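This structure is a prediction, so every number in the text was calculated from the model and none was measured. Start at 1 and go down the list; that is how both ligands and their atoms are numbered.
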Amino acid sequence: MLQLWHVGRISHVNLQEGGQAPVAPSAIQAGDTTFIESGLVRPSMPRALRTDEIPGLIEDYRNAARKAKAAGFDGVEVHMANSYLLDQFIRDSTNRRDDIYGGPVENRTRLPIEVATAVAEIWGADRVGVRLSPLTCFAGDTNLDGDPQHTYGFLVERLGTLGLAYLHCIEGQTRGDNAKNAFDFQALRRAFGGQYIANNSYDRALAIETQIRLQVTILNFGRSAPK
Ligand SMILES: Cc1cc2nc3c(=O)[nH]c(=O)nc-3n(C[C@H](O)[C@H](O)[C@H](O)COP(=O)(O)O)c2cc1C
C-alpha cells in the first residue's frame with residue numbers, strides 16, 4: 001500500500017514552492033520542529049486554505065491515487081493521522097474555520113471523508129485503508145481535539161459506510177509510560193465495522209495477548225522490536 005500524505009501546517013516556507021506559507025485549515029502555527037535542509041526548525045506560520053481551493057486539494061489526492069495505481073501498488077492508505085493536514089481539519093484545536101469544513105464535527109470530518117471517497121472511486125473501496133491517531137500530538141505540541149472519542153467515533157462510522165479495506169490506528173498514549181489519556185479503541189473499531197490494524201508500543205507478548213483477547217488479526221510494529 002502506498003501511504004498518501006499532506007503535512008499541512010507541519011512544514012516550512014523553505015520547503016514550499018516559491019517560499020510560500022504552508023497551507024492548513026486555519027492560520028495557527030504549529031509548535032515544536034520540522035526538518036529543513038539546515039536541520040530542525042519551528043514550522044512556519046501557515047495560511048488558511050480558501051474554500052474554493054478544497055476541490056483542487058481533493059484532486060491532488062485523486063491524482064496521487066492514480067499514480068500509485070500506475071506505479072503498481074496494491075492499494076493506498078490515506079494518512080489522516082499524526083496531526084497532518086487531514087487530522088488538522090478533524091481537530092477543533094487546529095480547525096477554526098467558519099465554512100462547511102469547520103465548526104461542528106460533521107464539517108470538520110467532511111474533507112477526510114471526501115478524500116477517502118475520491119480515492120475509493122479510483123481504487124475501489126476495498127483497496128483503500130485509512131490511518132488515524134486520535135491521541136497523538138505533533139511532537140511537543142498540544143493540539144488534541146476537545147472530545148476525541150466522539151469526534152473520531154463520528155468519523156469512523158461514516159468511513160465504515162464506504163466499505164474501506166481497513167482502519168489503521170496508532171493507539172499511542174493509552175498504554176505504559178505514554179499513558180496520558182483514556183480512549184476506547186475497541187469502540188472505534190466497532191463503529192468502523194471492518195478490518196482493524198492496531199499499532200503503537202506493541203511487543204510480541206502484548207501483540208499475542210491482544211490477538212487472543214480482542215481478536216485483532218493485524219498488528220503493526222514500527223520501531224518497537226518484537227521481543
Ligand atoms: C523512522 C520512522 C518513520 C516513520 N514513518 C511513518 C510514515 O511514513 N507514516 C506513518 O503513518 N507512520 C510513520 N511512522 C510511525 C510508525 O508507523 C508507528 O506508528 C510508530 O513507530 C509507533 O509504532 P511502534 O511503537 O511499533 O514503533 C514512522 C516511525 C519511524 C520511527
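Looking at V115, L49, T94 one by one, the single match for side-chain contact (heavy atoms from CB on, under 4.5 Å) with F89 turns out to be L49. A side-chain contact (heavy atoms from CB on, under 4.5 Å) with Y196 is found for exactly one of L167, T217, V156, namely L167.
Using a 4.5 Å cut-off on side-chain heavy atoms (C-beta onward), E171 and T210 make no contact.
Within the structure, the closest approach of F221 to ligand 1 falls below 4.0 Å when heavy atoms are considered.
Applying the 4.0 Å criterion to heavy atoms of H79 picks out, from ligand 1, the atoms 9 (N), 10 (C), 11 (O). When each atom of ligand 1 is checked for a heavy atom of N200 under 4.0 Å away, the hits are 22 (C), 23 (O), 25 (O).
Among N220, D203, N199, the residue whose heavy atom lies closest to atom 18 (C) of ligand 1 is N199.
Checked against a 3.5 angstrom limit, the closest N/O atoms of S201 and ligand 1 fall inside it. Considering backbone and side-chain atoms alike, Y202 places every N or O at 3.5 Å or more from each N or O of ligand 1.
Among all heavy-atom pairs drawn from D145 and Y152, the shortest one is CB-CE1, 4.5 Å.
Cluster note: V13 groups with no other residue, as no ILVMFWY side-chain heavy atom lies under 4.5 Å from it.
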